*Asks:* 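Dropping the structure in here first, questions after.
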Amino acid sequence: MNLHRVGGLILRYTFLYTRSVPRVLEMFFWPVMDLLVWGMLTQYLQTGPYHLPAFIRFLLGGMILWDVLYRAQQATTISFLEDVWARNLMNVFVAPVRLREFFAATFCVGTLKIVVTVAVLAVLSATFYDFHLLSLGSALAPLFVNLLIMGWSVGILTTGMILRWGQASEALAWGIPFLLQPVCAAFYPVSTLPGWLQPVSLAIPATHVFEGMREVLAGQGLSPARLAWAFSLNLVYLSAASLLFRRLFHQARSKGLLAKLGTQ
Amino acid sequence: MYKALFFMHPAPVLTVSELRKEFDGVTAVDGISFQVGSGEILGLLGANGAGKSTTLQILLGLTTPTSGKVEVFGMDLNQHRVEILQRCNFSSAYTGLPANLKVWENLLVFATLYQVRQARKKIDSLLELLEIGHLRNHVTGHLSSGESTRVHLAKALLNDPALLLLDEPTASLDPDIADKVRKLLRRIQREQGISMVYTSHNMRDVEEVCDRIVFLHRGKILATGSPAEITAHFERSSLEDVFIRVAREGDQLLKP
């Protein structure tokens, strides 16, 4: 891993984001809109005849943490697509850049963007809905890291699929995370899912993060076993996604797709 | 003649041996072999579908060959891709740079990727060399084709490459700018001794810039030699006429 080259790619994304008002706004617009809608809804449910005191915390906690996963995936895939859209992909890949350096840069930039977005959401949720993300205490860091890693795995996979199947599969960049959302128990406990779907849900690292978050918010503390499951599954999926990407990348080179994608 | 060429370009910078590429049963490159000597400009010529772009993509490591070998600076491209790319560069009329970045920002990013020392000084000197110093703070997406081509060339020269791969560098340029780019490439080659592989559909480009030509047709080498040798070989008065003849009669010319 050459840090100079990683730095070069980070510099490129820094220029890209600081030069583009829409890109900066995109970091905040949808998360803030989500927060407002979900916050209003849960406030209504809490003040209505339902009396669900913990509901607002579970829902807003789930929403903010879901955004970590979603944005980690997006940062990886969209960084790649930025080069495709700019017809810059060939320039990057004929520079002496290794794949791991390319992804390391997207992970760094993505993490920075997520920290900024989550900080804004945390302040807004504390101000408007009295939900304090920091009430997760020391559990917040491992939960956050696990969602980042899972987002990277999904991001690597979707990037590989776009590389292999071209720009026609760009919709995957936005669609794939939402295939996971209903199954990974972001907004409701795993026990809500049909019995046959629960083992599938428990095989997703994010499920353990969201379950863990609810346990912490309910005052039970974060179970080390849950954390161990999340980290172990993430390790497996990140390794599998990296191997699969490598395979798709070789297929793309063999079929001349890398050059085609770079000049489309 | 060949002896003279040997003394001008003693050590091959690039050696392509029996290179072959098939895409789903279609042969794009059919067992071609050639070398590029130190300081030599080699033109890859041929009509659409002749295999130029595929060959160039293989030389850049973007596409893997079905068989055959590419050696650059004596190293196998497949095994030493990053080391080789550190000493090569590429410019194409068909690629872009991020449009919303300023010219100097785009160049600084690539200077960092190529680990160029004193990057800002290097960028300024290249912008002056290419007569685009005034564009330093311009947004890349607002440049004209000619300006954009020269920014791409600046990017391609950032790391003082020993081998430069140019894919139709004068495409979409007006005759005045195209002439300036050709003269500039010749000057750079003279002053810095850079080897180049050059593809173009513009025969004037090729006659003026290239020391030697590899003429491709349906993935095979039809002829190699200097522009004068090629025109003599095909009994035509200009490369343009040769190109037309090859495009129309290439299949017959390939027959032994």
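All chains are named by letter (A, B, ...) in the order of the sequence lines, taking the proteins before the strands, and each is independently numbered beginning at 1. Just so it is clear, the structure is predicted and the values come from calculations on it, not from any experiment.
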*Asks:* Is there a side-chain contact between A:Arg12 and B:Pro98 in this structure, where contact means two heavy atoms from C-beta onward sitting under 4.5 Å apart?
*Replies:* yes
*Asks:* A:Asn2 versus B:Gln115: any side-chain heavy-atom pair under 4.5 Å?
*Replies:* yes
*Asks:* More than 12 non-hydrogen atoms from neighbouring residues, nucleotides or ligands closer than 6.0 Å to CH2 on A:Trp165, yes or no?
*Replies:* yes
*Asks:* Could you walk me through whether B:Val82 and A:Arg98 pass the side chain to side chain contact (heavy atoms under 4.5 Å, CB included) test, one step at a time?
*Replies:* CA-CA 7 Å; B:Val82 169; A:Arg98 291 188 164 90; 3.8 Å; yes
*Asks:* Hey, could you give me the NZ/OG distance between A:Lys260 and B:Ser53, rounded to the nearest 0.5 Å?
*Replies:* 11.5 Å
*Asks:* What's the spacing between A:His4 NE2 and B:Thr112 OG1 if we round to 0.5 Å?
*Replies:* 6.0 Å
*Asks:* Roughly how far, to the nearest 0.5 Å, is the CG atom of A:Asn91 from the CG atom of B:Leu97?
*Replies:* 5.5 Å
*Asks:* Out of curiosity, B:Glu22 CD to A:Ser254 OG, how far, rounded to the nearest 0.5 Å?
*Replies:* 10.5 Å
*Asks:* Does any backbone or side-chain atom of A:Leu9 lie under 4.5 Å from a heavy atom of chain B? Answer side chain, backbone, both or neither.
*Replies:* both
*Asks:* Counting N and O atoms only, with roles assigned by atom type, does the side chain of A:Arg253 sit under 3.5 Å from a partner on the main chain of B:Gly61, one being a donor and the other an acceptor?
*Replies:* yes
*Asks:* Which atoms form the tightest heavy-atom contact between B:Leu113 and A:Pro96, and what is the distance?
*Replies:* O-CG, 4.0 Å
*Asks:* Okay, side chain of A:Lys255, backbone of B:Asp24: is any donor-acceptor separation there less than 3.5 Å?
*Replies:* no
*Asks:* Under a 4.5 Å heavy-atom cutoff, which of B:Arg81, B:Gln57, B:Glu105, B:Lys102 has the most pairs with chain A?
*Replies:* B:Glu105
*Asks:* Quick one: does A:Leu258's side chain get under 4.5 Å of B:Thr63's, heavy atoms only?
*Replies:* no
*Asks:* Please rank B:Leu62, B:Asn89, B:Thr140 by heavy-atom pairs under 4.5 Å with chain A and give me the top one.
*Replies:* B:Leu62
*Asks:* Tell me, out of A:Val94, A:Val92, A:Leu11, A:Ile10, who's got the most heavy-atom pairs with chain B below 4.5 Å.
*Replies:* A:Val94
*Asks:* Please look at B:Arg87 and chain A and tell me whether the side chain, the backbone, both or neither of the residue comes under 4.5 angstrom of a heavy atom of that chain.
*Replies:* neither
*Asks:* When rounded to the nearest 0.5 angstrom, what distance separates CG in A:Asp83 from OG1 in B:Thr95?
*Replies:* 11.5 Å
*Asks:* To check you understand the geometry: which heavy-atom pair defines the closest contact between B:Tyr94 and A:Arg87, and what is its length?
*Replies:* O-NH1, 2.7 Å
*Asks:* Among B:Thr66, B:Leu101, B:Leu165, which has the most heavy-atom pairs under 4.5 Å with chain A?
*Replies:* B:Leu101
*Asks:* So if I apply the side chain to side chain contact (heavy atoms under 4.5 Å, CB included) rule between A:Phe15 and each of B:Leu108, B:Asn106, B:Asn100, which one comes out positive?
*Replies:* B:Leu108
*Asks:* Heavy-atom cut-off 4.5 Å, strictly under: side chain, backbone, both or neither for B:Gln86 against chain A?
*Replies:* both
*Asks:* Can you tell me how far CG of A:Asn88 sits from CZ of B:Phe110, rounded to the nearest 0.5 angstrom?
*Replies:* 4.0 Å
